[in-house]
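Accompanying notes for the structure given below.
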Amino acid sequence: MVGQTIVQADINRPDLRWPFPPDMAARLTGKRVLSLRRRSKYILADLDSGKTLLIHLGMSGRILISGVQIGTYTHEHQAPQKHDHVVFHMDQGARITFNDPRRFGAMDLLDTATAENHPLLAQIGPEPFGNSFNEDYFAEALKSRKSPIKAALLDQHLVAGLGNIYVCESLFRARLSPRRLAQNVPAAKARALVPIIRDVLSEAIEAGGSSLKDYRQADGELGYFQHSFEVYGREGEPCRAPGCTAEIARIVQSGRSTFYCPHCQR
DNA sequence: ATAGGCACCTGGTGGC
DNA sequence: TGCCACCAGGTGCCTA
C-alpha cells in the first residue's frame, strides 16, 4: 500500500464494531498512503490528507491482498466473499480486502498529528519490544496488581499486544500459575517474564503467526506457530516439560480459557 | 483507580 | 437431518 493511492473504496455496510466515520469512502478516495505502522494490535495507515486510517482485526478479521506479484507468485483477484466489508482498490491494480465474519474489528479516521491521543490508543501500555517495557518497569507494575497474573498480562494497559494464546504460552515458559495474583509474583519471575514474552512473540512472528481455523498471513500462507504451542488448546494432553507427567488443564478466567500445567506452573 | 462480568457477532463442532 | 449448547484469536463499557 505504501506509496500507492486509493482510487476506490467500497464500503459494503455501515459499521463493524462501531459505525464507520461519516463519508469514509469519499475521505479515502484519491488519498496516497504515506506509511504503514502499528500500535499494539491496531494497524495505522498515514494518508497524504493528514488523516490516519485505523484498522483493528478483532477476533476474526483478515486483510487479503490481491492483484500483486510477490516474488514469482501472482496473487489473483478472488470473487467477492461473504463478509467482505471494505475493499480498497489501489492505483497500481492491487486490491485490499477487509473480511470479518464476527465484525469485532474496527476502522476509523484519525488526525495523524494526534493519532496517539485517540481514546482507543491513548491508554495502551508500552510495546513489548520497546525500551520502556523492561524488567524494572514490569516488576514495579505487577506489584500493585490484585488481579491474577493471567488477567494482568491480557490487560493492554500494562503491556501492549498480548492476546490469550501468547499469555498462556508465556506463563508456561515462566512456570508461573495463571491463577497467582500479580502482586504475589516474585520479582525474579516478573523480571524473567520480560524476555520470555519477547521470545514468544518473536518466535510466533517468525513462524508467521498462529493458524487456528483459517488464519493466514497477508501473502495467503498459513502461520505455523500453533505447532509450537505448549499449552494453548492442549487440555488433557501431556505436559511437554521434561520429566512432567501431568496433563494440561483448562480453566476459565475473566471469561477466557486459560490452558496451563498445574504441576509445572506455580 | 481497579477488577470482574457482560456485550457485541457469526460460524464451527459435537451431542442427542 | 435438525436442533441446541458451547466454544472461538478482542476489548469497550458498566457496575461494584
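These numbers come from a predicted model, not from an experiment. Letters go in sequence order (proteins before strands), and every chain restarts at 1.
Straight-line distance from the CD atom of A:Gln156 to the C1' atom of C:dG12: 12 Å, rounded to whole Å. In this entry the distance linking CZ of A:Arg145 with P of B:dT2 reads 6 Å, nearest Å. One atom, CD of A:Gln183, and another, P of B:dA3, lie 9 Å apart when rounded to the nearest Å. Separating the CZ atom of A:Arg62 from the C1' atom of C:dG10 is a distance of 17 Å, rounded to the nearest angstrom. One can place CD of A:Glu169 at 12 Å from P of C:dG9, the figure rounded to the nearest angstrom. Rounded to whole angstrom, the span from the CG atom of A:Asp155 across to the C1' atom of B:dA3 amounts to 10 Å. In this entry the distance linking CE of A:Met59 with P of C:dG12 reads 14 Å, nearest Å. Spacing between atom CG of A:Leu158 and atom P of B:dA3 amounts to 9 Å, rounded to whole angstrom units.
Atom P of C:dC7 sits at a distance of 15 Å from the matching atom of B:dG5, rounded to the whole Å. As rounded to the nearest Å, C:dT11 and B:dA1 have P atoms that lie 22 Å from one another.
With hydrogens and angles ignored, the 3.5 Å screen pairs a side-chain donor or acceptor of A:Glu169 with a backbone N or O of A:Tyr232. For the pair A:Arg27 (side chain) and A:Pro22 (backbone), a donor-acceptor distance under 3.5 Å is present.
Between A:His56 and C:dG10 there is no side-chain polar atom (N or O) within less than 4.0 angstrom of OP1 or OP2. In this model, the phosphate group of B:dG11 is approached by a side-chain N or O of A:His83 to a distance below 4.0 Å at OP1 or OP2. An OP1 or OP2 oxygen of B:dG11 is reached within less than 4.0 angstrom by a side-chain nitrogen or oxygen of A:Lys82.
Here the shortest heavy-atom pairing between A:Ala174 and A:Leu193 reads CB-CD2, 3.7 Å.
If you check every strand for non-hydrogen atoms under 4.0 Å, A:Tyr42 touches sugar and phosphate atoms only. Heavy atoms of A:Arg17 sit under 4.0 angstrom from at least one base atom. Note on A:Leu120: only backbone sugar-phosphate atoms sit closer than 4.0 angstrom, heavy atoms only; bases stay farther off.
Between A:Phe133 and A:Phe138, the ring-plane angle classifies as perpendicular under the 30° and 60° cut-offs.
Salt bridge present: A:Arg13 and A:Asp15 bring a charged side-chain N and a carboxylate O closer than 4.0 Å. Ion pairing of A:Asp111 with A:Lys51 is present here, as a side-chain N (NZ or NE/NH1/NH2) and a carboxylate O approach within less than 4.0 Å. A salt bridge links A:Arg37 with A:Asp46; the closest basic N to acidic carboxylate O contact falls under 4.0 Å.
Residue A:Arg179 qualifies as open at atom CZ: its count of foreign heavy atoms under 6.0 Å is 12 or below. Counting non-hydrogen atoms of other residues, nucleotides and ligands closer than 6.0 Å to NE2 of A:His263 gives a total of 12 or fewer. Dense packing is recorded around CD of A:Glu203, with more than 12 heavy atoms of other residues, nucleotides or ligands lying under 6.0 Å away.
For A:Arg103 against B:dC9, no side-chain N or O and base N or O form a donor-acceptor pair under 3.5 Å.
Listed nucleotides C:dA8, C:dG10, B:dA3 differ in distance to A:Tyr232; the shortest reach to its side chain belongs to C:dA8.
Taking every heavy atom of residues 249-262 of chain A and every atom of DNA chain C, pairs under 4.0 Å involve A:Arg250, A:Arg256, A:Ser257, by number.
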For DNA chain B, what is the dot-bracket line, given that a base pair needs Watson-Crick (N1 to N3, plus N6-O4 or O6-N4) or G-U wobble (N1-O2 and O6-N3) geometry with both distances under 3.5 Å, and | means paired with another strand?
.|||||||.|||||||
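Aromatic stacking is marked for A:Phe104 over B:dC8, as both cut-offs hold: 5.5 Å for the centres and 30° for the planes.
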